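Naming convention: chains lettered A, B, ... in sequence-line order (proteins, then strands); numbering from 1 in each chain. Please read all numbers here as calculations on a predicted model, not as lab measurements.
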Amino acid sequence: MNATDSQQVNSWFYLSWQSSSVDHLPFQSGPFKAHQFLIDVSNTSVAHSSNPTKERLFPLMACLSPPSTFPLQAHNLDSKPTEEWLLSSLKSPKTPMQLKTFHAHIIKTNLTQNDLIFGQLFLCCSISNAMNYATDIFSNIRKPKLFFYNAMIKGYSQNGHHYKALQMYSLMRSRSVSCDSFTFPVVLRSVSSLNEIQTGKELHGVVMKMGLYSKLILQTALIDMYCSCGSADSARFIFDRILERDVICWNTMIAGYVKCGEFNKARELFDRSPSRNVSSWNTLVDMYCKTGDIEIARQFFDEMPEKDIITWNAMLSGYAKIGECESARKLFDQMVKRNVVSWNVLITCHVHNRRFLEALDLFRMMQVSDVKPNEVTVVSVIPACAHLGALELGKWIHGYINRNHIKMDVYVNTSLIDMYGKCGNVEEAIGVFDNAKVKDTFLFNTMIEVLAMHGRAEVAFRIFMCMRREGLKPNEVTFIGLLKACSHVGMVDTGLKYFEMMREEFGLTPKVEHFGCMVDLLGRAGHLQEAHELITKMPMEPHPVVWGSLLGACKIHGNVELAEEVALRLVELEPQSCGNYVLLSNIYSKAGRFNEAVELRKMMKEKGVKKQPGCSSIEVNHVVSEFFAGDRAHPKCKEIYEQLDKMVKRLKAEGYEPCISSALHDVDMNEKEQTLVHHSEKLAVAFGLISTDNRTPIRIVKNLRVCDDCHIFMKMVSKYYDRQMVIRDCSRFHHFSNGSCSCSDYW
DNA sequence: TGTGGGAATT
């Protein structure tokens, strides 16, 4: 849809999203996009949900599908649902309420003995992710037929409950229900997912004993199982002994080699295969995308006799993997048909390449396309909100998930916790954590990290205990979170305890990141020498970030000598990174050693070090605006600069003095002051003040550290403009309120 | 009711 096409406007309906019940995200305003968006009324759920005919429908039918997909013309409204209609309706996912209605109807009409219909209800539970309901029904069947066992196994397997699938298989064996050739492929699937090669081998034996081994389908399933468990040779042993292989069997073996990383063998087999279909080619395209041989992948892509949507998506994700957003977008635009995967790949590509606003724009475009976002989509988009600090957008997507019944899996919950944490809303993050049905290591790690970020160390430790109680094994990332928690509140002893624990108790080898955290912890707490010593004793090459932590600590504790040594080391390691020069220069200035500060700036000039542009983003009315220092791209640019002038005048009257040493440019004083005044976070604050009422906290995200001057400025703004402000810089949160900051000026 | 191929989190 082209929102700017004026000829279309008559048939479109202007709608600002806040006032509507339609679930679309507003278009990005930012500096470039329209504030409002257009919707085709004839094609939305609004039109259908207000349609009075719905009330007159047969009640069972009325509760079936969301209004937008309701097949109004599909059946006779006066008659009862036919068996065929029931069968076909049960092929698409249902809400728990809808499942109950169907179940009740089936019982009332004595259809429970109808294997086809009752079985379909069963399968419907499985595709609706309602295995609890299926389990209930199953446990009430006195003597389940083989079919029901198969359906249960399939349901568990497809919903990711692989252990339960295997348990169900064991149950049927223990009840002496004999399996058939439908049982094994599904059970083997779960075996593959669990990487349980031993169980797989046992099943192989059972298949042989039952005389089912000659079935090509089962041999293919076994090949897949062995490859998924990393045993390509066993698979090949089976493959070589099959007399008549079909194309699926060939494909399974080729894809199996790819799974095991044996790319040459995969290629060899592909070249030898007697017949190929689209899937065979797709496997090869995908393989070369994965190995990074994008040109060869493209060659295969161009040469193949026919392409399906998976071909296109595989190629698309190839470009995405190497970060080529432009090529990906070009290919995406050439696609005749796109599905949810195509959109997801493209969105993820943009997020991974830090093109967050574009990713959000794509998400908006997706919502007005004919493809419905799913849980993978939101897991791709939510991190974009997290990075931008776009709390309102993030909340909106959270609501969107609920309203659209998008599956809240462990990925979705993890990204929500991370987003709420990074957007400064810890309580909400804890809420999501508490409500998460499945909690895995990722989810726990994220919760711990969020608590650490906000200085809630004690809670983080409790969550860690909880994690251990649940029998989850902590990994390296868990300990990074714990160590960060310690360093933010200065708990040196506890930090040392965890550092020890990860090695002694969990056999984890500390990585450079862990040493970084330890250096940070010791340094912040003032143990500069110990921190320095730890760096020299590290078993690996200290990453610049580790030195950076020590440098930061030197700044906090005003140790100019050590700072100098560390900074020179850093300048050697990363001569093009401006942050180190900035920090050292600030340290010199603070110590009154201005000559050295000037020298340093000269050095930067000579080496051609460019300052990384500071960028701050702020979200106003669900729209994220980005500001660079001195930026004039925003539509409200004029008002913003006027407001900023007013603010500087007002605060100067209250005693604000621009802290010139924060300006690193070798220019005259006046210009320096201007540079400072136009720092990106000040522009963002000015915009926030003119765009929101004074009860709204201003939330800003900055890509660099907040400079001294801005820090002082923000404290004063919070006091004299009576505003709560939360600024997230590249390492922590600053909560400004009534003239002071939560970081107590140490950052 | 079964086999192969594309997407996600700290």
Side-chain angles (χ1 to χ4, degrees), chain A residues 115-116 119-120 122-123 126 145-155 157-158 180-189 215-225 227 246-256 258-259 276-287 289-290 308-318 320-321 339-349 351-352 373-383 386 409-419 421-422 440-450 452-453 475-478 480-481 484:
Chain A
D115 278 358
L116 218 54
Q120 192 59 48
F122 232 77
L123 297 173
S126 139
K145 290 180 189 161
L146 169 62
F147 169 84
F148 290 105
Y149 286 99
N150 283 350
M152 283 302 285
I153 294 172
K154 190 183 173 200
S157 180
Q158 283 179 342
D180 62 4
S181 55
F182 293 121
T183 318
F184 291 106
V186 192
V187 182
L188 286 169
R189 259 281 112 129
K215 295 228 174 205
L216 182 57
I217 288 170
L218 293 186
Q219 288 168 322
T220 307
L222 285 167
I223 290 172
D224 183 51
M225 182 274 294
C227 290
D246 64 1
V247 65
I248 294 177
C249 184
W250 277 91
N251 288 352
T252 306
M253 192 64 234
I254 296 170
V258 176
K259 271 182 204 157
R276 293 164 201 144
N277 62 9
V278 197
S279 304
S280 338
W281 287 86
N282 286 349
T283 305
L284 268 278
V285 171
D286 189 48
M287 176 180 92
C289 285
K290 285 202 173 100
D308 62 9
I309 192 150
I310 290 175
T311 322
W312 285 88
N313 287 344
M315 195 64 228
L316 197 61
S317 74
K321 276 196 190 86
N339 65 7
V340 65
V341 177
S342 331
W343 283 96
N344 292 349
V345 171
L346 192 65
I347 291 174
T348 310
C349 177
V351 175
H352 285 171
N374 65 5
E375 69 278 5
V376 178
T377 319
V378 297
V379 171
S380 315
V381 177
I382 294 169
D409 64 14
V410 64
Y411 289 90
V412 175
N413 282 320
T414 305
S415 58
L416 281 173
I417 293 169
D418 180 57
M419 181 277 293
K422 289 202 175 120
D440 68 355
T441 306
F442 264 67
L443 191 102
F444 271 103
N445 288 353
T446 307
M447 190 68 248
I448 291 171
E449 159 103 43
V450 163
M453 207 188 314
N475 62 14
E476 284 92 352
V477 182
T478 319
I480 292 177
K484 274 189 190 164

Next item on the list: Go through B:dA7, B:dT3, B:dA8 for me and flag the one nearest to the A:Val341 side chain.
Entry: B:dA7
Item checked: Separation of atom CG in A:Asn475 from atom P in B:dT9, rounded to whole Å -> 15 Å
Item checked: Side-chain N or O of A:Lys145 closer than 4.0 Å to phosphate OP1/OP2 of B:dT1 -> no
Next item on the list: Rounded off to whole Å, could you give me the CD-to-P distance for the A:Glu476 and B:dT10 pair?
Entry: 16 Å
Check: What is the distance from atom CE of A:Met253 to atom NZ of A:Lys259, rounded to the nearest 0.5 Å?
Finding: 10.0 Å
Notebook entry, point to check: Counting any heavy atom closer than 4.0 Å, what does A:Thr252 reach on the DNA or RNA strands: base, sugar-phosphate only, or nothing?
Noted result: sugar-phosphate
Note to self: What contact category does A:Ser415 fall into here, base, sugar-phosphate, or nothing, at under 4.0 angstrom with non-hydrogen atoms?
What the structure shows: nothing
Item checked: Gap between atom OG of A:Ser280 and atom CD1 of A:Ile254 - 0.5 Å precision -> 6.0 Å
Checklist line | Residue A:Asn374, side-chain atoms from C-beta onward, closest of B:dT10, B:dA7, B:dG4 | finding: B:dA7
Next item on the list: Kindly indicate, with the supporting measurements, whether the criterion side-chain hydrogen bond (donor to acceptor under 3.5 Å, both in side chains) is fulfilled by A:Thr283 and A:Asp286.
Entry: CA-CA 5 Å; A:Thr283 305; A:Asp286 189 48; over 6 Å; no
Note to self: Regarding A:Arg189, tell me which of base, sugar-phosphate or nothing describes its non-hydrogen contacts under 4.0 Å with the strands shown.
What the structure shows: sugar-phosphate
Checklist line | Integer-rounded Å distance: B:dG6 C1' and A:Met287 CE | finding: 16 Å
Note to self: Heavy atoms from C-beta onward define the side chain here; which of B:dT1, B:dA8, B:dG5 lies closest to that of A:Tyr411?
What the structure shows: B:dA8
Next item on the list: Could you check whether A:Val477 gets within reach of a base, just the sugar-phosphate, or nothing at all, counting any heavy atom under 4.0 Å?
Entry: base
Checklist line | Side-chain donor-acceptor pair present, A:Asn282, A:Ser279, cut-off under 3.5 Å | finding: no
Check: If you look at every strand shown and take non-hydrogen atoms under 4.0 Å, does A:Asp286 touch a base, only sugar-phosphate, or nothing?
Finding: sugar-phosphate
Item checked: Sugar-phosphate only, base, or nothing, as touched by A:Asp440 at under 4.0 Å among non-hydrogen atoms -> nothing
Margin query: Of the listed nucleotides (B:dG5, B:dT1, B:dG6), which one gets closest to any side-chain atom of A:Asn313?
Written below: B:dG6
Check: For the side chain of A:Phe442, counting heavy atoms from C-beta on, which of B:dG6, B:dG4, B:dT10 is nearest?
Finding: B:dT10
Notebook entry, point to check: Quick one: A:Leu216 CG to B:dG4 P, roughly how many Å, whole number?
Noted result: 12 Å
Item checked: Whole-Å distance separating the CD atom of A:Gln158 from the C1' atom of B:dT3 -> 13 Å
Next item on the list: Determine the minimum heavy-atom distance between A:Ala386 and A:Asp418, stating which atoms define it.
Entry: CB-OD2, 4.0 Å
Checklist line | A:Phe182 ring over B:dT1 six-membered base ring, under 5.5 Å and 30° | finding: no
Margin query: Distance check, rounded to the nearest 0.5 Å: A:Thr183 atom OG1 versus A:Leu146 atom CG?
Written below: 5.0 Å
Check: Of the nucleotides B:dG6, B:dA8, B:dA7, which has the atom closest to the A:Lys321 side chain?
Finding: B:dA7
Next item on the list: Counting heavy atoms from C-beta on, name the nucleotide in B:dG5, B:dT3, B:dG6 closest to the side chain of A:Asn282.
Entry: B:dG5
Next item on the list: Classify the nucleic acid contact of A:Lys290 as base, sugar-phosphate or nothing, counting any heavy atom under 4.0 Å across all strands shown.
Entry: sugar-phosphate
Note to self: For B:dG4 and A:Lys259 - does any side-chain N or O of the residue sit under 4.0 Å from the phosphate oxygens OP1/OP2?
What the structure shows: no
Notebook entry, point to check: If you take atom types as modelled and just measure distance, does the side chain of A:Thr283 reach the base of B:dG5 with a donor-acceptor pair under 3.5 Å?
Noted result: no
Notebook entry, point to check: Would you say the base of B:dG4 and the side-chain of A:Asp224 have a donor-acceptor pair closer than 3.5 Å?
Noted result: no
Margin query: How many whole angstroms separate atom CE of A:Met253 from atom P of B:dG5?
Written below: 13 Å
Checklist line | Among B:dT10, B:dT9, B:dG6, the nucleotide that comes nearest once only the side chain of A:Val379 is considered | finding: B:dT9
Check: Which whole-number value in Å describes the distance from A:Trp343 CH2 to B:dG6 C1'?
Finding: 17 Å
Next item on the list: For A:Asn277, answer base if it contacts any base atom (sugar-phosphate contacts may also be present), sugar-phosphate if it contacts only those atoms, and nothing otherwise; contact means non-hydrogen atoms under 4.0 Å.
Entry: base
Margin query: It should be established whether A:His352 places a side-chain nitrogen or oxygen under 4.0 Å from OP1 or OP2 of nucleotide B:dT9.
Written below: yes
Check: When rounded to the nearest 0.5 angstrom, what is the spacing between CD1 in A:Ile347 and CH2 in A:Trp343?
Finding: 7.0 Å
Next item on the list: To the nearest Å, give me how far apart CG (A:Leu188) and P (B:dG4) are.
Entry: 10 Å
Checklist line | Nucleotide of B:dT3, B:dG4, B:dG6 approaching A:Ser317 most closely (side-chain heavy atoms) | finding: B:dG6
